Amino acid sequence: MDDEKDSEISRRELLILGAVSAASVAVLGTGEAEAQAPSEASMRMKVAFDVNGTPRALELDTRTTLLDALREHLRLTGTKKGCDHGQCGACTVMVDGRRINACLTLAVMHEGSKITTIEGLGRPGALHVMQTAFVKHDGFQCGYCTPGQICSAVAVLAEIEHGVPSHAAVDITAAPAVTVDELRERMSGNLCRCGAYSNIVDAIREVAASRA
Amino acid sequence: MRAFTYERAASPAAAAAAAARNPESKFIAGGTNLLDLMKLEIERPRHLIDVNGLGFDTIEPTAEGGLRIGALVRNTDLATHQAVRRDYGVLSRALVSGATGQLRNKATTAGNLLQRTRCPYFYDTAQPCNKREPGSGCGALKGFSRQHAIIGSSAACIATHPSDMAVALRVLDATVETLKADGKTRRIPMADFHRLTGATPHIDTNLERGELITAVTLPKPLGGVQVYRKIRDRASYAFALVSVAAVIQRDGTGRVAFGGVAHKPWRVEAAEQALPRGARAVTERAFAGAKPTEQNAFKLPLAERTLAAVLTETRA
(Lines give C-alpha, C1' and ligand atoms only; values in the text may rest on other atoms or scores of the structure.)
Protein backbone atom coordinates (compact mmCIF):
# COMPACT_ATOMS: atom_id res chain seq x y z
CA MET A 1 0.00 0.00 0.00
CA ASP A 2 1.39 3.36 -0.97
CA ASP A 3 -0.15 6.15 1.05
CA GLU A 4 1.76 8.86 -0.68
CA LYS A 5 -0.54 11.23 -2.49
CA ASP A 6 2.16 13.54 -3.72
CA SER A 7 2.73 12.15 -7.20
CA GLU A 8 1.48 15.41 -8.63
CA ILE A 9 4.04 17.94 -7.57
CA SER A 10 2.38 21.08 -6.28
CA ARG A 11 3.49 24.52 -7.37
CA ARG A 12 4.87 25.17 -3.91
CA GLU A 13 6.91 21.96 -3.94
CA LEU A 14 8.19 22.82 -7.42
CA LEU A 15 9.43 26.17 -6.12
CA ILE A 16 11.16 24.43 -3.22
CA LEU A 17 12.77 21.90 -5.56
CA GLY A 18 13.97 24.75 -7.75
CA ALA A 19 15.59 26.43 -4.78
CA VAL A 20 17.27 23.18 -3.72
CA SER A 21 18.66 22.63 -7.24
CA ALA A 22 20.06 26.16 -7.33
CA ALA A 23 21.73 25.57 -3.97
CA SER A 24 23.19 22.27 -5.21
CA VAL A 25 24.75 23.99 -8.20
CA ALA A 26 26.36 26.56 -5.93
CA VAL A 27 27.71 23.87 -3.57
CA LEU A 28 29.04 21.74 -6.42
CA GLY A 29 31.57 24.43 -7.28
CA THR A 30 34.22 22.65 -5.22
CA GLY A 31 35.38 19.14 -5.98
CA GLU A 32 35.35 18.07 -2.35
CA ALA A 33 31.73 19.05 -1.85
CA GLU A 34 30.82 17.21 -5.02
CA ALA A 35 32.39 14.03 -3.72
CA GLN A 36 30.55 14.20 -0.39
CA ALA A 37 27.15 15.47 -1.52
CA PRO A 38 24.55 12.78 -0.79
CA SER A 39 22.93 11.47 -3.96
CA GLU A 40 19.22 12.05 -4.54
CA ALA A 41 18.49 8.35 -4.07
CA SER A 42 20.38 8.06 -0.77
CA MET A 43 18.35 10.92 0.66
CA ARG A 44 15.08 9.03 0.31
CA MET A 45 14.03 6.38 2.80
CA LYS A 46 11.07 4.14 3.48
CA VAL A 47 9.33 4.36 6.83
CA ALA A 48 6.22 2.69 8.22
CA PHE A 49 4.25 3.70 11.29
CA ASP A 50 0.73 3.61 12.66
CA VAL A 51 -1.32 6.81 12.58
CA ASN A 52 -4.60 6.83 14.50
CA GLY A 53 -4.85 3.04 14.24
CA THR A 54 -4.09 2.84 10.51
CA PRO A 55 -0.76 1.44 9.23
CA ARG A 56 0.96 3.90 6.91
CA ALA A 57 3.97 3.38 4.64
CA LEU A 58 5.84 6.27 3.07
CA GLU A 59 9.00 6.91 1.10
CA LEU A 60 10.33 10.31 2.10
CA ASP A 61 13.21 12.71 1.78
CA THR A 62 15.20 12.18 5.00
CA ARG A 63 14.63 15.84 5.88
CA THR A 64 10.86 15.39 6.22
CA THR A 65 9.71 16.13 9.75
CA LEU A 66 6.97 14.03 11.30
CA LEU A 67 4.80 17.16 11.08
CA ASP A 68 5.30 17.50 7.33
CA ALA A 69 4.79 13.76 6.83
CA LEU A 70 1.42 14.02 8.57
CA ARG A 71 0.27 17.20 6.87
CA GLU A 72 1.80 17.10 3.39
CA HIS A 73 2.02 13.37 2.72
CA LEU A 74 -0.84 11.87 4.72
CA ARG A 75 -3.05 14.96 4.37
CA LEU A 76 -3.81 14.96 8.09
CA THR A 77 -3.93 18.73 8.38
CA GLY A 78 -5.48 18.88 11.85
CA THR A 79 -1.97 19.07 13.30
CA LYS A 80 -0.78 22.63 12.71
CA LYS A 81 2.54 24.21 11.80
CA GLY A 82 3.12 27.32 13.87
CA CYS A 83 6.74 28.25 14.54
CA ASP A 84 8.27 24.98 13.20
CA HIS A 85 10.92 25.28 15.97
CA GLY A 86 9.32 23.66 19.03
CA GLN A 87 8.38 26.94 20.64
CA CYS A 88 4.62 27.20 20.08
CA GLY A 89 3.23 23.66 20.51
CA ALA A 90 0.74 23.89 17.59
CA CYS A 91 2.24 20.65 16.19
CA THR A 92 1.78 18.62 19.39
CA VAL A 93 0.90 14.97 18.72
CA MET A 94 1.22 11.83 20.81
CA VAL A 95 3.83 9.25 19.86
CA ASP A 96 3.74 5.96 21.73
CA GLY A 97 1.48 7.65 24.30
CA ARG A 98 3.65 10.74 24.86
CA ARG A 99 3.13 14.27 23.62
CA ILE A 100 5.95 15.66 21.48
CA ASN A 101 6.53 18.48 19.02
CA ALA A 102 6.07 16.84 15.60
CA CYS A 103 8.12 19.64 14.02
CA LEU A 104 11.30 18.68 15.90
CA THR A 105 11.53 15.05 14.92
CA LEU A 106 12.19 13.34 11.59
CA ALA A 107 9.58 11.02 10.12
CA VAL A 108 12.27 8.38 9.40
CA MET A 109 13.05 8.26 13.14
CA HIS A 110 9.59 6.81 13.78
CA GLU A 111 9.70 3.36 12.21
CA GLY A 112 7.07 1.30 14.06
CA SER A 113 5.79 4.20 16.20
CA LYS A 114 2.13 4.59 17.16
CA ILE A 115 1.10 8.16 16.44
CA THR A 116 -2.10 9.84 17.59
CA THR A 117 -3.14 13.15 16.08
CA ILE A 118 -6.20 15.32 16.76
CA GLU A 119 -8.00 13.32 14.03
CA GLY A 120 -7.43 10.19 16.12
CA LEU A 121 -8.84 11.63 19.35
CA GLY A 122 -12.33 12.34 18.08
CA ARG A 123 -14.33 13.25 15.00
CA PRO A 124 -17.42 15.35 14.27
CA GLY A 125 -20.35 13.71 16.03
CA ALA A 126 -18.07 11.65 18.27
CA LEU A 127 -15.84 14.20 19.99
CA HIS A 128 -13.25 13.32 22.61
CA VAL A 129 -14.31 14.59 26.06
CA MET A 130 -11.48 17.14 25.91
CA GLN A 131 -12.78 18.47 22.59
CA THR A 132 -16.28 18.77 24.06
CA ALA A 133 -14.90 20.62 27.09
CA PHE A 134 -12.93 23.06 24.89
CA VAL A 135 -16.13 23.83 22.95
CA LYS A 136 -18.17 24.26 26.13
CA HIS A 137 -15.62 26.57 27.81
CA ASP A 138 -14.65 28.56 24.70
CA GLY A 139 -11.10 27.28 25.00
CA PHE A 140 -10.15 28.97 21.72
CA GLN A 141 -10.92 31.87 19.44
CA CYS A 142 -9.20 31.50 16.05
CA GLY A 143 -8.63 27.79 16.67
CA TYR A 144 -5.17 27.48 15.10
CA CYS A 145 -3.43 26.35 18.28
CA THR A 146 -6.39 24.22 19.39
CA PRO A 147 -5.45 20.77 18.01
CA GLY A 148 -2.06 21.11 19.73
CA GLN A 149 -3.69 22.41 22.92
CA ILE A 150 -6.10 19.47 23.02
CA CYS A 151 -3.46 16.81 22.31
CA SER A 152 -1.28 18.40 24.98
CA ALA A 153 -4.16 18.62 27.47
CA VAL A 154 -5.04 14.94 27.05
CA ALA A 155 -1.38 14.01 27.59
CA VAL A 156 -1.02 16.37 30.58
CA LEU A 157 -3.79 14.57 32.48
CA ALA A 158 -2.11 11.24 31.71
CA GLU A 159 1.24 12.60 32.91
CA ILE A 160 -0.29 13.76 36.20
CA GLU A 161 -1.97 10.38 36.58
CA HIS A 162 1.40 8.65 36.05
CA GLY A 163 3.09 10.87 38.65
CA VAL A 164 5.30 12.90 36.31
CA PRO A 165 6.44 15.92 38.36
CA SER A 166 6.44 19.52 37.16
CA HIS A 167 8.09 22.80 38.10
CA ALA A 168 4.87 23.71 39.95
CA ALA A 169 5.50 20.97 42.54
CA VAL A 170 5.90 22.18 46.12
CA ASP A 171 7.29 18.77 47.15
CA ILE A 172 9.12 17.10 44.26
CA THR A 173 8.67 13.66 45.85
CA ALA A 174 4.87 13.99 46.18
CA ALA A 175 2.33 12.77 43.65
CA PRO A 176 1.12 15.71 41.53
CA ALA A 177 -2.51 16.86 41.55
CA VAL A 178 -4.67 18.67 39.00
CA THR A 179 -4.39 22.27 40.20
CA VAL A 180 -4.51 25.52 38.25
CA ASP A 181 -0.78 26.10 38.92
CA GLU A 182 0.08 22.62 37.68
CA LEU A 183 -1.98 22.99 34.50
CA ARG A 184 -0.58 26.42 33.68
CA GLU A 185 2.98 25.16 34.11
CA ARG A 186 2.41 21.92 32.19
CA MET A 187 0.65 23.70 29.30
CA SER A 188 3.37 26.36 28.94
CA GLY A 189 4.63 24.75 25.73
CA ASN A 190 1.35 25.54 23.96
CA LEU A 191 0.99 29.19 23.06
CA CYS A 192 -2.38 30.81 22.27
CA ARG A 193 -2.11 34.25 20.73
CA CYS A 194 -5.83 34.82 21.20
CA GLY A 195 -5.26 34.41 24.93
CA ALA A 196 -7.81 31.69 25.68
CA TYR A 197 -5.61 30.34 28.47
CA SER A 198 -8.03 30.70 31.39
CA ASN A 199 -10.79 28.94 29.44
CA ILE A 200 -8.37 26.19 28.39
CA VAL A 201 -7.52 25.60 32.05
CA ASP A 202 -11.25 25.49 32.89
CA ALA A 203 -11.83 22.91 30.15
CA ILE A 204 -9.00 20.66 31.35
CA ARG A 205 -10.12 20.92 34.98
CA GLU A 206 -13.63 19.88 34.02
CA VAL A 207 -12.37 16.77 32.22
CA ALA A 208 -10.13 15.91 35.18
CA ALA A 209 -13.03 16.39 37.64
CA SER A 210 -15.34 14.20 35.56
CA ARG A 211 -12.85 11.34 35.88
CA ALA A 212 -12.21 11.72 39.60
CA MET B 1 17.70 22.21 5.83
CA ARG B 2 20.70 20.79 3.94
CA ALA B 3 20.42 17.31 2.49
CA PHE B 4 21.77 14.42 4.51
CA THR B 5 21.86 10.65 4.54
CA TYR B 6 20.55 8.75 7.55
CA GLU B 7 21.34 5.48 9.24
CA ARG B 8 20.07 3.68 12.33
CA ALA B 9 23.12 2.59 14.30
CA ALA B 10 23.21 -1.17 14.85
CA SER B 11 25.48 -1.07 17.90
CA PRO B 12 27.29 1.50 20.06
CA ALA B 13 30.65 0.51 18.51
CA ALA B 14 29.23 0.85 14.99
CA ALA B 15 27.81 4.28 15.87
CA ALA B 16 31.14 5.55 17.22
CA ALA B 17 33.05 4.11 14.25
CA ALA B 18 30.64 5.61 11.73
CA ALA B 19 30.93 9.03 13.36
CA ALA B 20 34.73 8.85 13.44
CA ARG B 21 34.80 7.81 9.76
CA ASN B 22 32.65 10.68 8.59
CA PRO B 23 33.70 14.08 9.96
CA GLU B 24 30.49 15.62 8.62
CA SER B 25 28.21 13.27 10.56
CA LYS B 26 26.26 13.84 13.76
CA PHE B 27 24.59 11.52 16.23
CA ILE B 28 20.88 12.17 16.65
CA ALA B 29 18.82 11.09 19.67
CA GLY B 30 15.96 13.38 20.79
CA GLY B 31 16.84 15.80 18.01
CA THR B 32 15.04 18.71 19.68
CA ASN B 33 18.07 21.02 19.48
CA LEU B 34 19.91 19.52 16.49
CA LEU B 35 16.92 19.65 14.13
CA ASP B 36 16.11 23.19 15.24
CA LEU B 37 19.68 24.18 14.29
CA MET B 38 19.61 22.16 11.06
CA LYS B 39 16.48 23.98 9.90
CA LEU B 40 18.36 27.26 10.35
CA GLU B 41 21.43 25.73 8.63
CA ILE B 42 23.55 26.51 11.66
CA GLU B 43 24.23 22.78 11.88
CA ARG B 44 24.81 21.24 8.44
CA PRO B 45 25.60 17.53 8.89
CA ARG B 46 25.84 15.46 5.71
CA HIS B 47 24.98 12.28 7.59
CA LEU B 48 22.88 11.49 10.67
CA ILE B 49 23.50 8.46 12.87
CA ASP B 50 20.31 7.69 14.79
CA VAL B 51 21.31 6.18 18.15
CA ASN B 52 17.77 5.77 19.52
CA GLY B 53 17.85 2.01 18.99
CA LEU B 54 20.94 1.41 21.14
CA GLY B 55 19.21 0.94 24.50
CA PHE B 56 20.98 3.06 27.14
CA ASP B 57 17.49 3.89 28.41
CA THR B 58 17.54 2.56 31.96
CA ILE B 59 18.46 3.97 35.38
CA GLU B 60 20.31 1.40 37.51
CA PRO B 61 21.95 1.45 40.94
CA THR B 62 25.78 1.34 40.90
CA ALA B 63 28.03 -0.76 43.13
CA GLU B 64 29.15 2.47 44.85
CA GLY B 65 25.60 3.28 45.97
CA GLY B 66 24.91 5.81 43.23
CA LEU B 67 22.92 5.68 39.99
CA ARG B 68 23.88 5.01 36.39
CA ILE B 69 21.61 6.97 34.03
CA GLY B 70 21.55 5.71 30.46
CA ALA B 71 22.45 8.31 27.84
CA LEU B 72 19.07 7.87 26.15
CA VAL B 73 16.92 8.22 29.28
CA ARG B 74 14.46 10.97 28.43
CA ASN B 75 14.42 14.10 30.59
CA THR B 76 10.84 13.32 31.70
CA ASP B 77 11.80 9.83 32.85
CA LEU B 78 14.88 11.04 34.70
CA ALA B 79 12.90 13.74 36.51
CA THR B 80 10.16 11.22 37.41
CA HIS B 81 12.37 8.37 38.65
CA GLN B 82 11.61 7.72 42.33
CA ALA B 83 15.25 7.41 43.46
CA VAL B 84 16.17 10.63 41.63
CA ARG B 85 13.33 12.55 43.24
CA ARG B 86 14.12 11.13 46.67
CA ASP B 87 17.94 11.22 46.71
CA TYR B 88 18.91 13.75 44.01
CA GLY B 89 16.07 16.27 44.25
CA VAL B 90 18.23 19.05 42.79
CA LEU B 91 18.47 17.07 39.54
CA SER B 92 14.73 16.42 39.27
CA ARG B 93 14.04 20.08 40.07
CA ALA B 94 16.54 21.31 37.47
CA LEU B 95 15.03 19.07 34.79
CA VAL B 96 11.45 20.22 35.31
CA SER B 97 12.54 23.86 35.31
CA GLY B 98 13.80 23.48 31.74
CA ALA B 99 11.96 23.43 28.40
CA THR B 100 8.38 22.12 28.12
CA GLY B 101 6.59 18.82 28.67
CA GLN B 102 6.75 18.05 24.94
CA LEU B 103 10.49 18.72 24.74
CA ARG B 104 11.33 16.83 27.94
CA ASN B 105 9.49 13.79 26.58
CA LYS B 106 11.91 13.68 23.66
CA ALA B 107 15.17 15.21 24.96
CA THR B 108 17.76 12.77 26.28
CA THR B 109 20.31 12.91 29.09
CA ALA B 110 23.25 13.00 26.67
CA GLY B 111 21.54 15.39 24.29
CA ASN B 112 20.76 17.80 27.11
CA LEU B 113 24.50 17.99 27.87
CA LEU B 114 25.31 18.50 24.19
CA GLN B 115 22.74 21.20 23.46
CA ARG B 116 24.22 24.39 22.08
CA THR B 117 24.03 27.94 23.33
CA ARG B 118 20.89 30.00 22.72
CA CYS B 119 22.95 33.17 22.11
CA PRO B 120 20.87 35.15 19.57
CA TYR B 121 24.01 35.97 17.57
CA PHE B 122 24.77 32.25 17.24
CA TYR B 123 21.22 31.72 15.98
CA ASP B 124 21.22 34.63 13.50
CA THR B 125 23.26 33.62 10.44
CA ALA B 126 23.35 37.26 9.31
CA GLN B 127 25.45 38.15 12.37
CA PRO B 128 29.12 37.44 13.11
CA CYS B 129 29.68 34.58 15.57
CA ASN B 130 32.97 32.87 16.40
CA LYS B 131 31.11 29.84 17.67
CA ARG B 132 29.17 29.37 14.42
CA GLU B 133 31.82 30.68 11.98
CA PRO B 134 35.24 30.74 13.68
CA GLY B 135 37.06 33.99 12.94
CA SER B 136 33.94 35.97 11.99
CA GLY B 137 33.86 37.92 15.27
CA CYS B 138 31.39 38.17 18.17
CA GLY B 139 28.20 40.14 17.70
CA ALA B 140 27.31 39.93 21.37
CA LEU B 141 30.42 41.64 22.80
CA LYS B 142 29.19 45.10 21.80
CA GLY B 143 25.61 44.03 21.12
CA PHE B 144 22.68 42.97 23.25
CA SER B 145 24.35 40.97 26.00
CA ARG B 146 21.77 40.88 28.77
CA GLN B 147 21.59 37.05 28.65
CA HIS B 148 25.32 36.43 28.31
CA ALA B 149 28.18 35.13 30.42
CA ILE B 150 29.71 37.19 33.22
CA ILE B 151 32.64 34.91 33.99
CA GLY B 152 34.98 32.52 32.21
CA SER B 153 34.27 34.18 28.86
CA SER B 154 36.79 35.45 26.33
CA ALA B 155 37.17 38.21 23.76
CA ALA B 156 36.05 35.63 21.20
CA CYS B 157 32.75 34.57 22.81
CA ILE B 158 30.53 35.44 25.77
CA ALA B 159 27.89 32.74 25.24
CA THR B 160 26.44 30.73 28.11
CA HIS B 161 25.63 27.02 28.27
CA PRO B 162 21.83 26.80 28.45
CA SER B 163 21.31 23.50 30.32
CA ASP B 164 19.70 23.41 33.76
CA MET B 165 20.33 19.67 34.12
CA ALA B 166 24.07 20.17 33.69
CA VAL B 167 24.20 22.61 36.61
CA ALA B 168 22.60 20.02 38.88
CA LEU B 169 24.93 17.28 37.58
CA ARG B 170 27.91 19.53 38.34
CA VAL B 171 26.83 20.15 41.92
CA LEU B 172 26.32 16.39 42.33
CA ASP B 173 29.80 15.63 40.87
CA ALA B 174 28.37 13.39 38.15
CA THR B 175 30.57 11.55 35.66
CA VAL B 176 29.96 11.22 31.91
CA GLU B 177 30.75 7.76 30.53
CA THR B 178 31.69 7.43 26.87
CA LEU B 179 32.67 4.95 24.20
CA LYS B 180 35.34 6.05 21.76
CA ALA B 181 35.73 5.04 18.14
CA ASP B 182 38.75 2.87 19.04
CA GLY B 183 36.53 0.85 21.38
CA LYS B 184 37.99 2.33 24.59
CA THR B 185 35.71 3.76 27.25
CA ARG B 186 36.31 6.94 29.21
CA ARG B 187 34.91 8.58 32.34
CA ILE B 188 34.79 12.38 32.25
CA PRO B 189 33.95 14.30 35.44
CA MET B 190 31.27 16.95 34.82
CA ALA B 191 33.82 19.59 35.85
CA ASP B 192 35.90 18.69 32.77
CA PHE B 193 33.11 17.96 30.29
CA HIS B 194 32.20 21.44 29.01
CA ARG B 195 34.85 23.91 27.91
CA LEU B 196 35.16 27.63 28.49
CA THR B 197 35.06 29.57 25.24
CA GLY B 198 38.71 30.75 25.12
CA ALA B 199 40.05 31.08 21.58
CA THR B 200 38.02 28.09 20.32
CA PRO B 201 34.39 28.85 21.17
CA HIS B 202 33.19 26.56 18.38
CA ILE B 203 34.22 23.57 20.53
CA ASP B 204 31.69 23.13 23.36
CA THR B 205 32.95 19.97 25.07
CA ASN B 206 36.06 17.82 25.50
CA LEU B 207 34.55 14.89 23.58
CA GLU B 208 36.60 13.52 20.69
CA ARG B 209 35.20 13.00 17.20
CA GLY B 210 33.04 9.89 17.24
CA GLU B 211 33.02 9.65 21.04
CA LEU B 212 29.56 8.47 22.12
CA ILE B 213 28.06 9.23 25.53
CA THR B 214 26.70 5.99 26.98
CA ALA B 215 25.72 7.02 30.53
CA VAL B 216 25.95 9.60 33.27
CA THR B 217 26.71 8.27 36.75
CA LEU B 218 25.84 9.88 40.05
CA PRO B 219 27.89 9.20 43.21
CA LYS B 220 26.08 8.02 46.30
CA PRO B 221 23.45 10.45 47.62
CA LEU B 222 24.70 13.54 49.47
CA GLY B 223 21.61 14.00 51.64
CA GLY B 224 21.01 17.53 52.84
CA VAL B 225 18.41 19.90 51.47
CA GLN B 226 18.55 20.10 47.69
CA VAL B 227 17.31 23.16 45.81
CA TYR B 228 17.32 24.36 42.21
CA ARG B 229 16.24 27.98 41.92
CA LYS B 230 15.95 29.46 38.44
CA ILE B 231 15.47 33.16 37.71
CA ARG B 232 14.16 33.97 34.23
CA ASP B 233 12.13 36.51 32.29
CA ARG B 234 9.00 34.29 32.20
CA ALA B 235 7.61 32.00 34.88
CA SER B 236 7.92 28.99 32.58
CA TYR B 237 9.68 27.90 29.41
CA ALA B 238 12.59 30.35 29.37
CA PHE B 239 16.34 30.00 29.82
CA ALA B 240 17.94 31.09 33.06
CA LEU B 241 19.27 34.57 33.67
CA VAL B 242 20.80 33.06 36.79
CA SER B 243 20.17 29.71 38.41
CA VAL B 244 21.44 28.14 41.62
CA ALA B 245 21.81 24.43 42.29
CA ALA B 246 22.52 23.81 45.95
CA VAL B 247 22.95 20.89 48.34
CA ILE B 248 23.02 22.27 51.88
CA GLN B 249 23.63 20.18 55.02
CA ARG B 250 22.15 20.83 58.47
CA ASP B 251 25.36 22.46 59.72
CA GLY B 252 25.23 25.02 56.90
CA THR B 253 28.03 23.47 54.84
CA GLY B 254 27.33 22.28 51.33
CA ARG B 255 27.81 22.74 47.63
CA VAL B 256 26.58 25.28 45.13
CA ALA B 257 26.77 25.71 41.35
CA PHE B 258 25.45 28.54 39.16
CA GLY B 259 23.79 28.42 35.75
CA GLY B 260 23.24 31.18 33.20
CA VAL B 261 26.55 32.86 34.03
CA ALA B 262 29.22 30.98 32.04
CA HIS B 263 29.85 28.60 29.17
CA LYS B 264 29.71 25.71 31.64
CA PRO B 265 28.03 25.10 34.99
CA TRP B 266 29.91 27.49 37.30
CA ARG B 267 31.13 25.91 40.50
CA VAL B 268 34.08 27.07 42.61
CA GLU B 269 34.71 24.52 45.35
CA ALA B 270 36.91 26.92 47.36
CA ALA B 271 34.00 29.39 47.57
CA GLU B 272 31.71 26.73 49.07
CA GLN B 273 33.70 26.79 52.31
CA ALA B 274 32.13 30.22 52.91
CA LEU B 275 28.56 28.83 52.76
CA PRO B 276 28.00 28.95 56.55
CA ARG B 277 28.84 32.67 56.40
CA GLY B 278 26.09 33.47 53.92
CA ALA B 279 25.50 34.21 50.27
CA ARG B 280 27.73 37.24 49.81
CA ALA B 281 30.78 35.47 51.21
CA VAL B 282 30.23 32.72 48.64
CA THR B 283 29.49 34.82 45.55
CA GLU B 284 32.41 37.22 46.28
CA ARG B 285 34.70 34.20 45.91
CA ALA B 286 32.81 32.31 43.21
CA PHE B 287 32.64 35.36 40.94
CA ALA B 288 36.08 36.87 41.67
CA GLY B 289 37.41 38.00 38.32
CA ALA B 290 33.97 38.27 36.73
CA LYS B 291 33.87 40.43 33.61
CA PRO B 292 30.23 41.31 33.00
CA THR B 293 29.13 43.69 30.26
CA GLU B 294 27.22 46.83 31.08
CA GLN B 295 24.00 45.04 30.16
CA ASN B 296 24.49 41.90 32.24
CA ALA B 297 26.23 43.33 35.31
CA PHE B 298 22.90 42.80 37.10
CA LYS B 299 23.65 39.08 37.15
CA LEU B 300 26.26 39.54 39.89
CA PRO B 301 23.88 40.92 42.54
CA LEU B 302 21.17 38.60 41.18
CA ALA B 303 23.40 35.56 41.80
CA GLU B 304 24.04 36.70 45.36
CA ARG B 305 20.36 37.35 46.06
CA THR B 306 19.26 34.10 44.48
CA LEU B 307 21.74 32.20 46.62
CA ALA B 308 20.55 34.13 49.69
CA ALA B 309 16.97 33.07 48.89
CA VAL B 310 18.09 29.48 48.45
CA LEU B 311 19.93 29.48 51.80
CA THR B 312 16.86 30.92 53.52
CA GLU B 313 14.75 28.18 51.93
CA THR B 314 17.12 25.44 53.14
CA ARG B 315 16.93 26.74 56.73
CA ALA B 316 13.12 26.82 56.73
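None of these values were measured; they are calculated from a predicted model. Every chain is numbered from 1, with letters handed out A, B, ... down the list of sequences.
No side-chain donor-acceptor contact under 3.5 Å links T62(A) to the backbone of T5(B).
The part of M45(A) that comes within reach of chain B is its side chain, from C-beta onward, which places non-hydrogen atoms under 4.5 angstrom from that chain. Proximity to chain A (any heavy atom under 4.5 Å) is shown, for D36(B), by both the backbone and the side chain. Heavy atoms closer than 4.5 Å to chain A are found in both the backbone and the side chain of N105(B). Only the side chain of L48(B) comes within contact range of chain A, with heavy atoms under 4.5 Å apart. Only the side chain of R74(B) comes within contact range of chain A, with heavy atoms under 4.5 Å apart. With a 4.5 angstrom heavy-atom cutoff, D84(A) touches chain B via backbone and side-chain atoms both.
The side-chain heavy atoms of H85(A) and L40(B), taken from C-beta on, include a pair separated by under 4.5 Å. Within the 4.5 Å cutoff, side-chain heavy atoms of R63(A) are placed close to those of F4(B). Contact of the N190(A) side chain with the Q102(B) side chain is registered, since non-hydrogen atoms from C-beta on lie closer than 4.5 Å.
Heavy atoms from other residues, nucleotides or ligands lying under 6.0 Å from NZ of K39(B) number more than 12. At most 12 non-hydrogen atoms from other residues, nucleotides or ligands lie less than 6.0 angstrom from CZ of R205(A). In R193(A), the CZ atom is not crowded: 12 or fewer heavy atoms of neighbouring residues, nucleotides or ligands sit closer than 6.0 Å. Residue R118(B) places its CZ atom among more than 12 non-hydrogen atoms of other residues, nucleotides or ligands, all under 6.0 Å distant. Around CZ of R209(B), the count of heavy atoms belonging to other residues, nucleotides or ligands within 6.0 Å exceeds 12.
From S42(A), atom OG reaches atom CZ of R46(B) across 11.0 Å, with rounding to the nearest 0.5 Å. Remark: L66(A) CG to L35(B) CG distance equals 11.5 Å, nearest 0.5 Å. Separation of atoms OG (S236(B)) and CZ (R186(A)) is listed at 11.0 Å; rounding is to 0.5 Å. Going from atom NE2 of H167(A) over to atom OH of Y228(B) covers 10.0 Å, rounded to the nearest 0.5 Å. Between the CE atom in M43(A) and the OH atom in Y6(B) there is a gap of 15.5 Å [rounded to 0.5 Å]. One finds the CD atom of E111(A) at 13.0 Å from the CG atom of N52(B) (value rounded to the nearest 0.5 Å).
Listed by first then second residue, pairs satisfying side-chain hydrogen bond (donor to acceptor under 3.5 Å, both in side chains) with a partner in residues 81-97 of chain B number zero, not counting sequence neighbours.
Near-neighbour residues of residues 145-159 of chain A relative to chain B, defined by a heavy atom under 4.5 Å from a heavy atom of that chain, comprise S152(A), E159(A). Using a 4.5 Å cut-off between non-hydrogen atoms, no part of residues 107-114 of chain B approaches chain A. Taking non-hydrogen atoms and a 4.5 Å limit, the residue list of residues 96-108 of chain A in contact with chain B, ordered by number, reads R98(A), R99(A), I100(A), N101(A), C103(A), L104(A), T105(A), L106(A), V108(A).
Your options are D77(B), T76(B), N33(B), and the one with the most heavy-atom pairs under 4.5 Å with chain A is D77(B).
Residues L103(B) and G86(A) share a closest heavy-atom pair of CD1-O, 4.1 Å.
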